[in-house]
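Taking it in order: structure first as structure tokens, then the write-up.
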Amino acid sequence: EVGGLCFGWPNGSDALDHCDLRLPGPGLWMLVGGNGSGKSTLLRLIAGLLEPSGGRVALTLKPALVFQNPDHQLLLPSCGTDLQLGLEQGLPAEVRQARVAAALAQVGLGGFEGRPIHTLSGGQKQRLAIAGALAGDAGLLLLDEPTALLDPESQREVLQLIERLCHRRERPLAALWITHRLEELDHCDGAAEMERGRIGPWQKGPALR
């Protein structure tokens, strides 16, 4: 939940203007809006990458940000070593390995621990980035246009993966997903429009198409 959130850039322009948002619970929640409306800035504020100039961010789940381009967050040569990088320090080796294996299995990349990242397709890289959030025990996924750079088949796979994670029986996730692809709104639990740094009420996705 964010309340009265404000953020301004050094040039004096406001990205967020007393922005309010509350996720009702687990599920896939989508934000739409034009360029410059504040969507990406909001995700970075929730993730703690930016400091607000006013207002508050109240989190009950650990957040993890998934970028539009997975190459911006996949840093090490192999799938397994990259996921290990995001785990907290001090975990026993067997626990770390089990977490990595479980996260890869959840995104359909089981057994990819030793696979070089440069051999993955764009869709597989995005699923690996999502696996990194799962390995780090995130309960809130912040997805900044995660399908924008993918081919149609990979777009479908990533969307179905997030839907499944948000509606699984045990520990369903909450996901806040920014999209410009209006057909994706048919798959969400609720959608809201962001304009000039503020967010409207939640609606059924097709209502915003």
Review point. Do you see a donor-acceptor pair shorter than 3.5 Å between the side chains of Gln126 and Ser154?
Key: no
Study note, to complete from the structure: The reported gap from CH2 in Trp177 to CG in Leu43 (rounded to nearest 0.5 angstrom) is 12.5 Å
Check your understanding: Quick one: are Leu128 and Leu74 in side-chain contact, heavy atoms under 4.5 Å?
Key -> yes
Point to revise | Residue pair Ile162 / Ala175: nearest heavy atoms and the distance that separates them | key: CG2-CB, 3.9 Å
Revision key, fill the gap. Tested for side chain to side chain contact (heavy atoms under 4.5 Å, CB included) against Ile199, the lone hit among Leu42, Asp20, Leu5 is Leu42
**Study point:** Over 12 foreign heavy atoms within 6.0 Å of NE2, His180
**Key:** yes
Revision key, fill the gap. CD1 (Ile178) and NZ (Lys39) are apart, to the nearest 0.5 Å, by 6.0 Å
Point to revise | Check: Met30 and Leu182 side chains under 4.5 Å, non-hydrogen atoms | key: no
Check your understanding: Hey, what do you get for CD (Glu184) to CD (Gln155), rounding to the nearest 0.5 Å?
Key -> 6.5 Å
Exercise for review: Please name all residues satisfying salt bridge (charged side-chain N to carboxylate O under 4.0 Å, His left out) with Glu51, sequence neighbours left out, ordered by chain then number.
Suggested key: none
**Study point:** Between SG on residue Cys19 and CZ on residue Phe7, distance to nearest 0.5 Å
**Key:** 13.0 Å
Study note, to complete from the structure: Nearest heavy-atom contact between Ala103 and Ala131 is CB-O, 3.4 Å
Review point. Just wondering, more than 12 heavy atoms not from Arg171 lying within 6.0 Å of its CZ?
Key: no
Check your understanding: Rounded to the nearest 0.5 Å, how far does SG of Cys6 lie from CZ of Arg56?
Key -> 13.0 Å
Exercise for review: For atom CZ of Arg196, decide whether the heavy atoms of other residues, nucleotides or ligands shown that lie under 6.0 angstrom number more than 12.
Suggested key: no
